[in-house]
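Everything on this sheet refers to the single structure shown next.
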Amino acid sequence: MNSKISDKVLQWYDANRRTLPWRYEQVQIADPYRVWLSEMMLQQTQVDTVIPYFQKFTAKWPTVNDLASADLDDVLHMWQGLGYYARARNLHKCAKTISEQFDGAFPRSPEELANLPGIGPYASAAIAAIAFNVPATVVDGNVARIVSRVFGFSTPIQQNQKQIYSAAESLTPLLRAGDYAQALMDIGSGICTPRSPKCQTCPLHTDCKAYASGIPEQFPGKLIKPSIPTRYAVAFICIKDNNILLRKRTGEKMLHGLWELPGSDWYADSLPELPDEMQAPYADVKHTFSHFHLITRVVQASEIDPEYLNGAEVACNINELDQLALSTLTKKLLKVRNRNG
DNA sequence: GTCCGGTGCT
DNA sequence: AGCACCGGAC
């Protein structure tokens with residue numbers, strides 16, 4: 001009964017699987033390094049966004065030992081734009097651990113994998129299944145949505161983790177665990193999508209309670225999210241002789257290790273006051289992070305009163321910005337320069 | 001604008 | 001258990 005579902009999933013996969021740079025054919029042996037790297041990148045990030053990053057990383061660092069020998073600054077630079085930069089720091093830390101303590105070989109069991117930096121319950125199961133065919137239960141957002149729909153769970157995913165895990169476990173096959181996990185990812189991203197599931201093309205629609213209900217998109221229920229606050233900041237674009245003032249974020253603040261425009265802290269209430277002569281020209285740029293909006297007043301000036309700087313700025317050639325790790329926020333702020341000339 | 005999503009820290 | 005963390009799809 002349950003094995004029938006995994007059989008349908010695997011048959012669908014054999015006919016419809018996506019070709020992706022980290023996937024291997026059945027005649028090939030999986031490279032755990034590539035499986036691990038892809039899974040780290042795919043957390044919180046869509047396949048199409050990940051592909052060029054994966055290509056760049058594997059070209060520059062073909063093995064985990066190569067990545068372990070890299071500088072963290074280079075890793076952050078290569079990661080720029082992918083977001084959640086703690087992933088890049090943990091990636092580097094994990095590569096060093098594998099290289100130095102595991103002789104360059106990833107462990108096979110989910111339990112050992114879960115002890116490594118950046119590898120949690122999802123990734124440990126996914127790597128064990130995909131790289132080593134261990135029949136671990138792999139539950140990410142896609143799987144949780146598929147399982148909720150097949151079983152007709154209306155409880156929001158966040159409040160139903162145990163039931164979802166048990167249901168997912170009951171479907172997981174003992175053989176071809178890696179193909180099965182990847183098949184569910186493909187079905188989740190291409191068919192069983194959050195808003196408009198394409199049930200007619202789904203191999204499980206005749207097994208699916210949500211489909212039978214006629215309103216599959218309403219499974220699982222959604223959690224009402226509280227609205228997030230807005231913060232405010234001032235940042236300076238100060239260019240002289242082709243050099244722009246930048247500083248490197250330090251400490252434990254978000255985006256630390258990346259370069260940014262000098263400016264104020266991010267205040268909870270309103271835009272920091274500036275003297276009139278520093279107000280023009282400027283542009284207000286809005287950016288949204290996971291837990292707050294940020295409105296930044298970008299002021300362009302050839303000189304900045306040192307009172308507004310912290311003394312840690314570095315003059316960087318504006319034609320060599322592509323050699324530094326910049327967040328998407330900083331790139332967005334830098335575009336003001338093109339707008340205002 | 002609104003929604004989506006793994007891990008680590010506390 | 002609750003919160004911090006980013007960018008892209010719709």
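We name chains A, B, ... by the order of the sequence lines, and we start the count at 1 in each one. Values below: every heavy atom of this structure, side chains too, minus hydrogens, waters and symmetry copies.
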Nearest-Å distance for atom pair CZ/P, residues A:Arg87 and B:dC9 | 16 Å

Sorted by chain and number, sequence neighbours left out, salt bridge (Lys or Arg N to Asp or Glu O under 4.0 Å) with A:Asp186 holds for A:Arg18, A:Arg23

Would you say a side-chain N or O of A:Arg89 is under 4.0 Å from OP1 or OP2 of C:dC5?
-> no

Among B:dC4, C:dC6, B:dT7, find the nucleotide with the atom closest to the side chain of A:Gln43.
-> B:dT7

Using whole Å, report how far OH of A:Tyr84 lies from C1' of C:dC5.
-> 5 Å

To the nearest angstrom, the CD-C1' distance between A:Gln161 and B:dG6 comes to 10 Å

Can you list, pair by pair, the side-chain donor-acceptor contacts under 3.5 Å of residues 115-125 of chain A, counting residues two or more places apart and other chains?
from	atom 1	to	atom 2	distance (Å)
A:Tyr122	OH	A:Glu39	OE1	2.6
A:Ser124	OG	A:Gly120	O	2.8
A:Ser124	OG	A:Pro121	O	3.1

Which sits closer to the 5' end of DNA chain C, A:Phe292 or A:Asp48, going by the nucleotide each is nearest to?
-> A:Phe292

Can you find a side chain N or O atom of A:His287 that sits less than 4.0 Å from OP1 or OP2 on C:dG7?
-> yes

Check whether any side-chain N or O of A:Ser290 sits under 4.0 Å from OP1 or OP2 of C:dA4, and answer yes or no.
-> no

Kindly point out which of B:dG1, B:dG8, B:dG6 is positioned nearest to the side chain of A:Lys286?
-> B:dG1

Given A:Phe54, A:Tyr33, A:Phe57, the one that forms ring-ring contact (aromatic ring centres under 6.0 Å, His included) with A:Trp22 | A:Phe54

